[in-house]
Amino acid sequence: MFVVLTIQREERGLLARAADWLGKGPLEVRRRSFLGNGYYHIIDHTGGRPHWELLAQAVGRAATRLVVAGEEEPPRGSGLRLYDPAIFAGRMTAMAGAQLLRELPDGGRQTTVALVDEDGLFTWCAGELARRCALLRVYTRRPDRYTGLCRELMEGEGASLVLADGPEGLRESRFAVSPAPTGVWRLPMPVVTVDRSGIQGRPTLNRLEPDLAPELEETIPPGVPLPLFLGAAWETGLRRFPLDMGIRACRADGRLIPFGQALEAR
């Protein structure tokens with residue numbers, strides 16, 4: 001269960017705002033569902049700053065599962081925190097890497113791809129990519145977590161996966177996928193990565209936008225960042241929906257482009 005907050009600023013007089021307090025209050029709470037996963041949509045009718053204290057009381061245990069329509073953030077000390085769907089974000093980078101391979105002339109079957117998994121937490125991403133490309137080069141500080149996977153992929157499925165000793169071992173790859181934030185370092189190739197990561201490519205591809213069906217997108221409250229909403233629904237919901245919507249756009253070094261142009265962007 002998560003909470004979507006819409007801040008609806010209204011220029012109303014003191015008497016009108018007082019009537020809210022005497023009546024239903026400034027917070028309008030709606031129980032909603034997305035693909036069978038429930039969430040609360042709270043609309044804050046305010047003529048000034050959002051009612052953070054009231055909101056914290058209203059959401060209770062969901063205080064750290066907040067998705068806000070717009071760029072407003074709860075203040076420190078309010079007990080509220082924006083939800084960070086890190087697992088979903090990693091899944092999206094894997095989806096994006098697989099999509100880039102599919103869109104190559106040979107479907108990626110003769111392509112070398114790099115994976116940056118410093119902490120060894122995304123072996124599933126390596127499996128998805130290695131099955132689609134000619135060779136997957138992996139840089140990780142936890143090679144022990146890849147030992148079994150390397151053997152399974154090569155012996156069981158004929159896929160090729162090798163571990164690089166350092167970032168320099170990834171340089172001959174067509175592009176790289178980085179499904180978790182890293183420190184600040186550079187790769188001389190396009191890098192598909194999550195937001196707020198220090199890794200830089202030529203170009204850096206982030207701010208991935210899922211290509212959701214219009215009839216589904218219309219059911220989501222206006223102004224809500226689509227990746228955050230989908231991530232919260234996917235991670236906290238009881239019904240996991242398939243992640244087969246694809247990526248329609250991204251930022252290439254900050255510039256919005258169609259995702260189909262990602263490997264040509266400079």
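Only heavy atoms go into these numbers, but all of them, side chains included; no hydrogens, no water, no symmetry mates.
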task: Please indicate whether Arg76 has more than 12 foreign heavy atoms, meaning atoms of other residues, nucleotides or ligands, lying under 6.0 Å from its CZ.
output: no

For a quick test of your reading: what N or O donor-acceptor pairs under 3.5 Å do the side chains of residues 226-240 make, sequence neighbours left out?
residue	atom	partner	partner atom	Å
Trp234	NE1	Phe241	O	3.2
Glu235	OE1	Tyr83	OH	2.7
Glu235	OE2	Ala86	N	3.4
Glu235	OE2	Ile87	N	3.0
Glu235	OE2	Phe88	N	2.8
Thr236	OG1	Ala232	O	2.6
Arg240	NE	Trp234	O	2.8

query: With sequence neighbours excluded, what pairs up with Arg186 under the salt bridge (charged side-chain N to carboxylate O under 4.0 Å, His left out) test?
result: none

- line: Residues passing the ring-ring contact (aromatic ring centres under 6.0 Å, His included) test with Tyr40, sequence neighbours excluded, are none

message: Measuring from atom CD of Glu218 to atom CG of Leu212, what distance do you get when rounded to the nearest 0.5 angstrom?
response: 10.5 Å

query: To the nearest 0.5 Å, what is the distance between CG (Asn206) and OG (Ser197)?
result: 8.5 Å

message: Using the side-chain contact (heavy atoms from CB on, under 4.5 Å) criterion, which residues pair with Ala63? Sequence neighbours excluded.
response: Val59, Leu80

message: Using 0.5 Å steps for rounding, measure from the CG atom of Leu161 to the CG atom of Leu115.
response: 8.0 Å

field: Partner residues of Ser160 under the side-chain contact (heavy atoms from CB on, under 4.5 Å) criterion, sequence neighbours left out
entry: Leu135

- prompt: Does a side-chain heavy-atom distance below 4.5 Å link Leu170 with Val116?
  reply: yes

statement: The side-chain contact (heavy atoms from CB on, under 4.5 Å) partners of Glu209 (sequence neighbours excluded) come to Arg248, Ala249, Leu256

- line: side-chain contact (heavy atoms from CB on, under 4.5 Å) filter on Arg141, not counting sequence neighbours, yields Glu118, Asp119, Tyr139

task: Check whether any side-chain heavy atom of Asn37 lies under 4.5 Å from a side-chain heavy atom of Arg32, and answer yes or no.
output: no

- prompt: Taking only residues two or more places apart in sequence, or in another chain, which ones meet Glu53 in a salt bridge (charged side-chain N to carboxylate O under 4.0 Å, His left out)?
  reply: Arg49

- prompt: Judged by atom type as modelled, is there a donor-acceptor pair below 3.5 Å linking the side chain of Thr111 to the main-chain atoms of Cys133?
  reply: no

Ignoring hydrogens and angles, write down the donor-acceptor pairs under 3.5 Å from the side chains of residues 64-75, residues two or more places apart or on other chains.
residue	atom	partner	partner atom	Å
Arg65	NH1	Met1	O	3.2
Glu72	OE1	Arg9	NH2	2.8

All salt bridge (charged side-chain N to carboxylate O under 4.0 Å, His left out) counterparts of Asp244, not counting sequence neighbours: none

- request: Look at the side chain of Asp117 and the backbone N and O of Thr140, then say whether any donor-acceptor pair between them is shorter than 3.5 Å.
  value: no

- line: Residues passing the salt bridge (charged side-chain N to carboxylate O under 4.0 Å, His left out) test with Arg131, sequence neighbours excluded, are Glu157

Return all side-chain donor-acceptor pairs below 3.5 angstrom for residues 89-107, not counting sequence neighbours, or 'none' if the list is empty.
residue	atom	partner	partner atom	Å
Arg91	NH1	Glu128	OE2	3.4
Thr93	OG1	Gly90	O	2.6
Gln99	OE1	Ile247	N	2.8
Gln99	NE2	Glu103	OE2	3.3
Gln99	NE2	Ile247	O	2.9
Asp106	OD1	Gly108	N	2.9
Asp106	OD2	Gln110	N	3.0

